[in-house]
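What follows is a short report on a single structure.
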Protein chains: 2
Amino acid sequence: MPPKQPATAAESGASPWDEAAERIRASGFRWTPQRRTLVEVLRAREGHVTATELIACCRERDQTTTPSTVYRTLDLLEDLGLVKHGHGHDGHEEYHILPQQVHGHLYCVGCGATWEIRPETGAVIVEALASQLGFTVDLSHVTISGRCAGCHD
Amino acid sequence: MPPKQPATAAESGASPWDEAAERIRASGFRWTPQRRTLVEVLRAREGHVTATELIACCRERDQTTTPSTVYRTLDLLEDLGLVKHGHGHDGHEEYHILPQQVHGHLYCVGCGATWEIRPETGAVIVEALASQLGFTVDLSHVTISGRCAGCHD
DNA sequence: ATCGCTATTGCAAAGGGTTGCGATAGCAGG
DNA sequence: CCTGCTATCGCAACCCTTTGCAATAGCGAT
Ligand SMILES: [Mn+2]
Ligand SMILES: [Mn+2]
Ligand SMILES: [Zn+2]
Ligand SMILES: [Zn+2]
């Protein structure tokens with residue numbers, strides 16, 4: 001019987017998180033218990049998380065977790081490309097975990113729902129700014145507000 | 001000799017700020033010294049301001065100005081359509097004063113410069129989301145990040 | 001001019017996020 | 001294993017913004 005193939009990257013044996021410790025040390029930084037805690041939390045999740053949620057998750061594993069250390073570690077992981085921060089509709093921080101193909105978000109001020117911007121749609125926006133202004137947009141950094149199809153006055 | 005014509009709305013005799021007091025009272029709200037102070041500050045400016053700047057300007061005219069009152073008055077003025085809030089690249093609040101034709105903003109993470117999105121360019125983005133998703137975008141609510149033409153690696 | 005209703009204020013506290021600083025503790029080397 | 005350098009930590013303080021609450025003060029009516 002052949003070994004079962006993992007369905008997602010998160011279930012497979014190899015994960016970018018496995019190399020986190022090495023990469024941190026290789027860059028002259030230190031592998032500390034606080035950083036290990038955050039990496040374990042992030043490894044167990046996918047998609048998006050708010051900074052506040054991450055602090056809460058870390059505190060579950062280590063009661064002594066401090067916000068400033070989490071924020072500083074997130075900055076470090078962002079430098080390594082393991083997370084990428086953005087802002088929700090209210091300006092609060094959100095993190096994309098393992099941002100391979102990052103995407104933008106839409107928020108409806110009518111119903112409060114959010115959607116991910118599909119690649120085709122995002123491409124139109126990116127190309128408009130690129131061709132008209134030579135500006136390379138990072139759509140994933142902010143949540144664009146508006147009204148969804150179901151919420152027009 | 002004919003009277004000199006004002007060059008801008010800000011210099012003309014008639015301004016939406018003149019009706020602010022009436023409109024506030026007409027809605028059942030009260031015209032207070034604190035609100036008068038903020039309206040005077042806003043009347044003397046154009047374009048964009050951060051909430052923090054507004055608080056500082058109010059404090060110049062009235063040393064006793066309190067942040068919470070300024071924020072609450074800004075909410076009221078936003079309901080009346082006299083200002084419109086948005087968020088800078090870092091998520092902090094910015095206010096568009098007298099938002100007749102509101103526009104979006106671009107921020108370059110390379111050089112830190114910001115630009116207003118021109119109407120033609122904004123229209124492309126608005127139409128893309130409208131036609132593909134039926135979503136009516138409010139481009140003025142966030143500052144879109146990226147790299148300007150002069151800052152490509 | 002006075003009265004009463006209630007909108008508004010100032011304050012204090014809290015949540016989200018950043019930063020300077022002295023103390024701690026990785027980790028490379030002997 | 002011990003030592004020393006310095007990256008990192010925890011803390012306290014601060015900035016930005018919101019909210020509950022008791023006291024104040026608009027303003028319409030008498
Ligand atoms: Mn907002
Ligand atoms: Mn940001
Ligand atoms: Zn909606
Ligand atoms: Zn630039």
Side-chain angles (χ1 to χ4, degrees), chain A residues 20-39 41 48-59 61-80 83-95 112 141-143, chain B residues 20-39 41 48-59 61-80 83-95 112 141-143:
Chain A
E22 297 168 40
R23 292 188 56 195
I24 284 175
R25 273 196 284 246
S27 309
F29 301 117
R30 294 176 184 173
W31 183 239
T32 67
Q34 294 85 350
R35 287 174 180 175
R36 173 189 293 278
T37 299
L38 180 55
V39 166
V41 165
H48 328 101
V49 219
T50 66
T52 302
E53 284 171 331
L54 287 174
I55 292 170
C57 292
C58 285
R59 217 186 284 275
R61 307 202 178 215
D62 173 5
Q63 249 248 324
T64 71
T65 299
T66 287
S68 56
T69 298
V70 174
Y71 283 111
R72 283 192 274 230
T73 302
L74 284 168
D75 286 347
L76 174 61
L77 297 179
E78 188 159 14
D79 286 343
L80 296 179
V83 300
K84 180 168 184 329
H85 92 270
H87 300 269
H89 71 95
D90 53 4
H92 288 178
E93 289 195 341
E94 288 179 356
Y95 281 86
H141 188 246
V142 286
T143 300
Chain B
E22 297 168 40
R23 293 188 54 196
I24 283 176
R25 274 196 283 245
S27 310
F29 301 117
R30 295 174 184 174
W31 183 239
T32 67
Q34 294 85 349
R35 287 174 178 173
R36 173 189 293 279
T37 299
L38 180 55
V39 166
V41 165
H48 328 101
V49 219
T50 66
T52 302
E53 286 172 329
L54 288 174
I55 292 170
C57 292
C58 285
R59 217 185 284 275
R61 306 199 180 217
D62 174 4
Q63 249 249 323
T64 72
T65 299
T66 287
S68 56
T69 298
V70 174
Y71 282 110
R72 283 192 275 229
T73 301
L74 284 168
D75 285 348
L76 175 61
L77 297 178
E78 188 159 14
D79 286 343
L80 296 179
V83 300
K84 179 168 184 331
H85 92 269
H87 300 269
H89 71 96
D90 54 4
H92 288 177
E93 289 196 338
E94 287 178 357
Y95 282 86
H141 189 246
V142 287
T143 300

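The figures here come from the full heavy-atom set of this structure, side chains too, leaving out hydrogens, waters and symmetry mates. All chains are named by letter (A, B, ...) in the order of the sequence lines, taking the proteins before the strands, and each is independently numbered beginning at 1.
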Check: [Y] and [X] side chains under 4.5 Å, non-hydrogen atoms:
X: B/Thr69; Y: B/Thr32; value: no
X: B/Ser27; Y: B/Asp79; value: no
X: A/Arg35; Y: A/Leu76; value: yes
X: A/Lys84; Y: A/Glu78; value: yes

[atom1] of [X] versus [atom2] of [N]: gap in Å, rounded?
X: B/Ile24; N: C/dT6; atom1: CD1; atom2: P; result: 20 Å
X: B/Phe29; N: D/dG28; atom1: CZ; atom2: C1'; result: 17 Å
X: B/Leu77; N: C/dT8; atom1: CG; atom2: P; result: 12 Å
X: A/His87; N: C/dG17; atom1: NE2; atom2: C1'; result: 11 Å
X: A/Leu54; N: C/dG16; atom1: CG; atom2: P; result: 12 Å
X: A/Leu74; N: C/dT18; atom1: CG; atom2: C1'; result: 13 Å
X: A/Leu76; N: C/dG26; atom1: CG; atom2: C1'; result: 14 Å
X: B/Arg30; N: D/dA23; atom1: CZ; atom2: C1'; result: 13 Å

Residues which pass side chain to side chain contact (heavy atoms under 4.5 Å, CB included) with B/Glu53, listed by chain and number, not counting sequence neighbours: B/Arg45, B/Val49, B/Thr50
Donor-acceptor pair, side chain of B/Arg36 and main chain of B/Trp31, under 3.5 angstrom: no
Phosphate contact (D/dG26 OP1 or OP2) by B/Arg25 side-chain N/O below 4.0 Å: no
Neighbour count >12 (heavy atoms, 6.0 Å) for atom CZ, B/Arg59: yes
Set out, line by line, the N/O atom pairs under 3.5 Å between protein and nucleotides 1-3 of chain C.
none

Side-chain-base donor-acceptor pair under 3.5 Å for A/Arg35 and D/dT8: no
Nearest-0.5 Å distance, NE2 of residue B/His87 to CD of residue B/Glu93: 6.0 Å
Under 4.0 Å protein heavy-atom contact, by nucleotide of nucleotides 10-21 of chain D - B base, S sugar-phosphate only: BB----SSBBB-
Plane angle bin for A/Tyr95 and A/His85 - parallel if under 30°, tilted between 30 and 60°, otherwise perpendicular: tilted
